[in-house]
Amino acid sequence: MRPLVFAGNWKMHLGPEGARGFLTRYLAGHEPVQGREVWFFAPAVSVAAVAAQVAGRADLRAGIQNVHWEAKGAFTGETSVAMAREAGATATLVGHSERRHVFGETDQETGLKVRAALAGGLIPMLCVGETLAEREAGATLAVVRRQLDVLAGLDAAELGRMRIAYEPVWAIGTGKNATPEDAAEVHGAIRGRLGELGAPADRVSILYGGSVKPDNAAALVAETEIDGVLVGGASLDPESWRAIVRADRD
Ligand code: PGA
């Protein structure tokens with residue numbers, strides 16, 4: 001049985017002080033639930049603060065939002081996998097929509113980042129998803145397949161350590177959602193493609209992201225194909241985050 005993963009993507013919010021304050025408030029009411037994990041993708045400078053507060057809690061995980069694929073060197077502004085690990089991260093987002101569409105990250109780069117993360121012991125959560133124009137052109141599945149193709153050549157053990165987040169670009173930060181049924185259909189296609197690539201696909205968690213809120217999280221995770229949610233805006237408020245993490249599965 002795949003665990004349900006509730007992952008907050010704080011984007012460029014919550015420095016170390018803010019992260020500590022958020023977690024103090026959130027953790028005061030957090031109750032571990034069997035089969036549920038709560039992940040926090042923090043800005044690089046806040047990872048250590050998050051890691052310190054989640055230490056010793058098996059259901060919680062500190063993650064970073066981006067890493068560089070090189071181990072070290074003249075890459076001003078970048079963070080290596082080893083540095084992220086040293087700060088306490090155990091997971092990283094790769095290829096988030098904003099990395100791709102605001103910073104021009106390519107499929108080739110996401111492929112390098114996935115490999116660097118796997119080699120360095122970080123769990124990569126590869127984000128995929130189509131733009132509105134691509135959806136309207138009927139290209140959703142083709143785009144997602146192309147974005148997953150960077151996984152070709154990884155072995156089954158490596159693929160089994162991946163997590164995938166399906167985030168339609170048009171749904172991120174817009175208040176618009178794919179319906180749970182539409183999302184589940186894309187998730188099914190992603191799982192099928194992972195299987196073709198040699199992954200133990202029934203063990204890989206596939207999260208949905210894009211304007212997930214307390215009032216729609218339950219319907220999303222009720223779909224058996226949807227193994228959790230990746231949440232931006234609504235992960236920044238301890239109360240709405242708690243409501244999402246508690247979203248009922250049935
Ligand atoms: P949102 O962001 O929940 O604010 O739409 C999701 C994401 O970008 O991961």
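Keep in mind that what you see is a predicted model, and the values were worked out from it rather than measured. Every number for a ligand or one of its atoms is a count from 1 in the order of the listing. Scope of the values below: all heavy atoms of this structure, side chains included, with no hydrogens, waters or symmetry mates. Along the sequence shown, residues carry numbers from 1.
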Please determine whether any non-hydrogen atom of [X] lies less than 4.0 Å from an atom of ligand 1.
X      : value
Gly209 : no
Lys213 : no
Ala234 : no

List the atom pairs, with distances to 0.1 Å, where a side-chain N or O of residues 123-135 and a protein N or O form a donor-acceptor pair under 3.5 Å, not counting sequence neighbours.
{"from": "Glu130", "atom 1": "OE1", "to": "Tyr166", "atom 2": "OH", "distance (Å)": "2.9"}
{"from": "Glu130", "atom 1": "OE2", "to": "Arg135", "atom 2": "NE", "distance (Å)": "2.8"}
{"from": "Glu130", "atom 1": "OE2", "to": "Arg135", "atom 2": "NH2", "distance (Å)": "3.2"}
{"from": "Glu130", "atom 1": "OE2", "to": "Tyr166", "atom 2": "OH", "distance (Å)": "3.1"}
{"from": "Glu130", "atom 1": "OE2", "to": "Trp170", "atom 2": "NE1", "distance (Å)": "2.9"}
{"from": "Thr131", "atom 1": "OG1", "to": "Glu134", "atom 2": "N", "distance (Å)": "3.2"}
{"from": "Thr131", "atom 1": "OG1", "to": "Glu134", "atom 2": "OE1", "distance (Å)": "3.2"}
{"from": "Glu134", "atom 1": "OE1", "to": "Thr131", "atom 2": "N", "distance (Å)": "2.8"}
{"from": "Arg135", "atom 1": "NH2", "to": "Tyr166", "atom 2": "OH", "distance (Å)": "3.4"}

With a 4.0 Å heavy-atom cut-off (strictly under), which part of Asn9 contacts ligand 1: side chain, backbone, both or neither?
->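 Just the side chain.
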Over 60° means perpendicular and under 30° means parallel, so classify the ring planes of Trp10 and Phe22, tilted if in between.
-> perpendicular
Would you list the atom pairs, donor with acceptor, under 3.5 Å between side chains in residues 158-165 and any protein atom, with sequence neighbours excluded?
{"from": "Glu158", "atom 1": "OE1", "to": "Asp155", "atom 2": "N", "distance (Å)": "2.9"}
{"from": "Arg161", "atom 1": "NH2", "to": "Leu118", "atom 2": "O", "distance (Å)": "2.8"}
{"from": "Arg163", "atom 1": "NH1", "to": "Arg161", "atom 2": "O", "distance (Å)": "3.1"}

Heavy-atom proximity to atom 1 (P) of ligand 1, best of Ala171, Gly8, Gly175, Gly232 |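 Closest candidate by heavy-atom distance is Gly232.
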Which residue supplies the protein heavy atom nearest to atom 9 (O) of ligand 1, what is that atom called, and how far is it?
->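 It is Glu167 OE2, 2.6 Å.
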Residue and atom name of the nearest protein heavy atom (relative to atom 4 (O) of ligand 1), distance in Å to one decimal |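 That would be Gly233 N, 2.9 Å.
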Nitrogen or oxygen atoms of [X] and ligand 1 under 3.5 Å apart:
X      : result
Gly173 : yes
Leu230 : no
Ser211 : yes

When you check the gap from the basic side-chain N to the acidic O, do [X] and [Y] get nearer than 4.0 Å?
X      : Y      : result
Arg145 : Glu196 : yes
Asp149 : Arg193 : yes
Arg36  : Asp59  : no

For ligand 1, which atoms sit closer than 4.0 Å to a heavy atom of Gly210?
->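 Counting atoms of ligand 1 from 1, those under 4.0 Å from Gly210 are 5 (O).
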Relative to the heavy atoms of His96, which atoms of ligand 1 are at a distance of less than 4.0 Å?
->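 Near His96, the atoms of ligand 1 are 7 (C), 8 (O), 9 (O).
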Are Val114 and Trp39 linked, directly or through other ILVMFWY residues, by side chains that come within less than 4.5 angstrom of each other?
->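 No, separate clusters.
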Do you know the tightest heavy-atom contact between Ala217 and Val212?
->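 Closest approach of Ala217 to Val212, heavy atoms only: CB-CG1, 4.0 Å.
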